[in-house]
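Working notes, beginning with the structure itself.
First the proteins, then the strands, lettered A, B, ... as listed; each starts at 1. Computation of the quantities below employed the complete heavy-atom set of this structure, encompassing side-chain atoms and omitting hydrogens, waters and symmetry-equivalent molecules.
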There are 2 protein chains.
Amino acid sequence: MSNHAHDHDCPGCSSPDLAFSRHDHAHCAQDVLARADAIAEENGVRLTPVRRRALEILLESHRAMGAYDVLQRLAADGFGNQPPVAYRALEFLVEQGLAHRIRRLNAFAACMHPGEDHAPVFLICRGCNAVAEAQAAPVRAALDAAAAAIGFSVERANVEALGLCPACKEAAA
Amino acid sequence: MSNHAHDHDCPGCSSPDLAFSRHDHAHCAQDVLARADAIAEENGVRLTPVRRRALEILLESHRAMGAYDVLQRLAADGFGNQPPVAYRALEFLVEQGLAHRIRRLNAFAACMHPGEDHAPVFLICRGCNAVAEAQAAPVRAALDAAAAAIGFSVERANVEALGLCPACKEAAA
DNA sequence: CCTTGACCTGTTATGATATAACATACATAT
DNA sequence: ATATGTATGTTATATCATAACAGGTCAAGG
């Protein structure tokens, strides 16, 4: 299933700088799914078949997917084929911190750092549409500071940047 | 039209900490529109009647508006009443830096600092739906740094935070 | 046991947001 | 005046998202 064994230290998955590189990520899926089970257990919620499958689908593609794309895959696996099926599963994953919603793309992506209380920043390549989830605590800190200065309390934040990944930058040059 | 005259230093408009406060902003609109004319001139683009009116509409409401809401207002003023009329005008405004798109709300808001090359951060109050446009250069700097570290070039960034404004926080308590 | 209540899944139907494609009009420069 | 690029308007359709209800599962308490 995976071409190398490890716990949580795969450079291809845990380092944002390799998120744009081609790499085997079957094991990422393994890791994340295992952790997802643990997180659901902890939170007292159920990672039911549809929900788990939705997460697997996101993990497999390793990119942002629209709700209808996920739905199509779910339906192919014998689950319902009406929009709420996908939206509900995805909403659950987002609530539990197992997936992120990327508004710029009207899409969803599996979280590669579930349960780690991270401050995700999405770097969206306009060349190849890949999405890297970088951990950027300093960004969140700066945001909290700016908000605090005017008495605003941040509960959730979306940081999405559009630009060019290293590969596409090189290709363009 | 405005109850006090000034150039670009109205606290109610230029200070993010007052963005949530009730304040007269007829003059903000005046200022921004004047600057919008100048910017269009500079950029060699035309701030045509629909476009200008769309900006006025956003400025009047002083909040984020959906494209269809803007469309309704435009139609009432004798412009076309089909979606592309609004989307095109809004797209123009966004491209010229005269308005911002707030994806979390599927909405648009006039930029209160046109032409100033700012790093806007949107603070969206989930209590009253007000949107404050804070200038947060440090946030952008942190984002650029995180992106640069992995060779990603940021071209455009959206930073949107959901939370509670001072007034709603107090009301909740 | 078996019922109740909470939650999950599925469906129908509709609502909300956004764009493609084409036709018409207008500006400006030669 | 006429050609060219740009702007506006329209029709039609694509895409994204949710409301509302029906049936199913499962565990806790009577």
Side-chain angles (χ1 to χ4, degrees), chain A residues 36-37 40-41 43-58 63-96 98-109 124 129 158 160 162, chain B residues 36-37 40-41 43-58 64-96 98-109 129 158 160 162:
Chain A
D37 285 324
E41 178 84 27
N43 296 2
V45 296
R46 292 191 294 148
L47 191 60
T48 59
V50 224
R51 292 167 176 177
R52 191 168 215 277
R53 187 71 192 114
L55 180 54
E56 285 172 6
I57 288 166
L58 291 181
R63 66 197 312 119
M65 294 181 76
Y68 279 72
D69 296 326
V70 174
L71 176 59
Q72 202 170 349
R73 300 283 310 275
L74 288 174
D77 290 341
F79 296 102
N81 70 342
Q82 300 304 318
V85 170
Y87 280 101
R88 284 196 289 232
L90 292 166
E91 182 189 20
F92 170 88
L93 295 174
V94 170
E95 268 170 9
Q96 299 303 316
L98 298 171
H100 296 291
R101 186 169 196 161
I102 298 168
R103 309 206 83 114
R104 174 153 218 140
L105 302 176
N106 291 324
F108 299 82
I124 305 164
N129 284 315
N158 280 95
E160 302 175 4
L162 188 72
Chain B
D37 285 326
E41 179 85 27
N43 295 2
V45 296
R46 291 190 293 148
L47 190 62
T48 59
V50 225
R51 292 168 175 175
R52 191 169 213 278
R53 187 72 193 114
L55 179 54
E56 285 173 5
I57 288 166
L58 290 180
M65 294 181 76
Y68 281 74
D69 296 326
V70 173
L71 176 60
Q72 202 171 347
R73 301 284 310 274
L74 287 174
D77 291 341
F79 296 101
N81 71 342
Q82 300 305 316
V85 171
Y87 281 100
R88 284 196 290 232
L90 292 167
E91 181 189 21
F92 171 88
L93 295 174
V94 169
E95 269 168 9
Q96 299 304 315
L98 298 171
H100 296 290
R101 186 168 195 161
I102 298 167
R103 308 206 84 113
R104 175 151 218 140
L105 303 176
N106 291 325
F108 298 81
N129 285 316
N158 279 94
E160 303 176 4
L162 188 71

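Atom-to-atom distance recorded for Phe108(A):CZ and Leu55(A):CG is 13.5 Å, nearest 0.5 angstrom. Rounding to the nearest 0.5 angstrom, the gap separating the CG atom in Leu90(B) from the CG atom in Leu74(B) is 7.5 Å.
When rounded to the nearest whole Å, the span between CD of Gln72(A) and C1' of dC16(D) equals 15 Å. The CZ-P distance, from Arg52(A) to dT9(C), rounds to 14 Å in whole Å. In this structure, Asn81(B) atom CG and dG9(D) atom P are separated by 10 Å, rounded to whole Å. Following rounding to the nearest Å, Leu90(B) (CG) and dT8(D) (P) show an atom-to-atom distance of 12 Å. Counting to the nearest Å, the P atom of dC8(C) and the CG atom of Leu47(A) are 11 Å from each other. Remark: P of dC16(D) and CD1 of Ile102(A) are 14 Å apart, rounded to the nearest angstrom. We find that CG of Asp77(B) is positioned 16 Å from C1' of dT8(D), with the value rounded to whole Å. Remark: C1' of dC16(D) and CZ of Arg104(B) are 17 Å apart, rounded to the nearest angstrom.
In this structure a side-chain-to-backbone donor-acceptor pair under 3.5 Å is missing from Gln96(A) to Ala40(A). Side chain of Glu160(A) to main chain of Ile124(A): no donor-acceptor pair is present (N/O by atom type, distance under 3.5 Å, no hydrogens or angles).
Sequence neighbours left out, the pairs with a member in residues 47-57 of chain A that pass salt bridge (charged side-chain N to carboxylate O under 4.0 Å, His left out) are Asp37(A)-Arg52(A), Arg52(A)-Glu56(A), Arg53(A)-Glu56(A), Arg53(A)-Glu60(A), Arg53(A)-Asp77(A).
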Expected string for nucleotides 17-30 of chain C under the B/S/- scheme (protein heavy atoms, under 4.0 Å, primed atoms plus P, OP1, OP2 as sugar-phosphate) is BBBBB-----S---

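Ranked by how close their nearest DNA chain D nucleotide is to the 5' end, Arg51(B) and Gly80(B) are led by Arg51(B).
The closest side-chain heavy-atom distance from Tyr87(A) to Tyr68(A) is below 4.5 Å.
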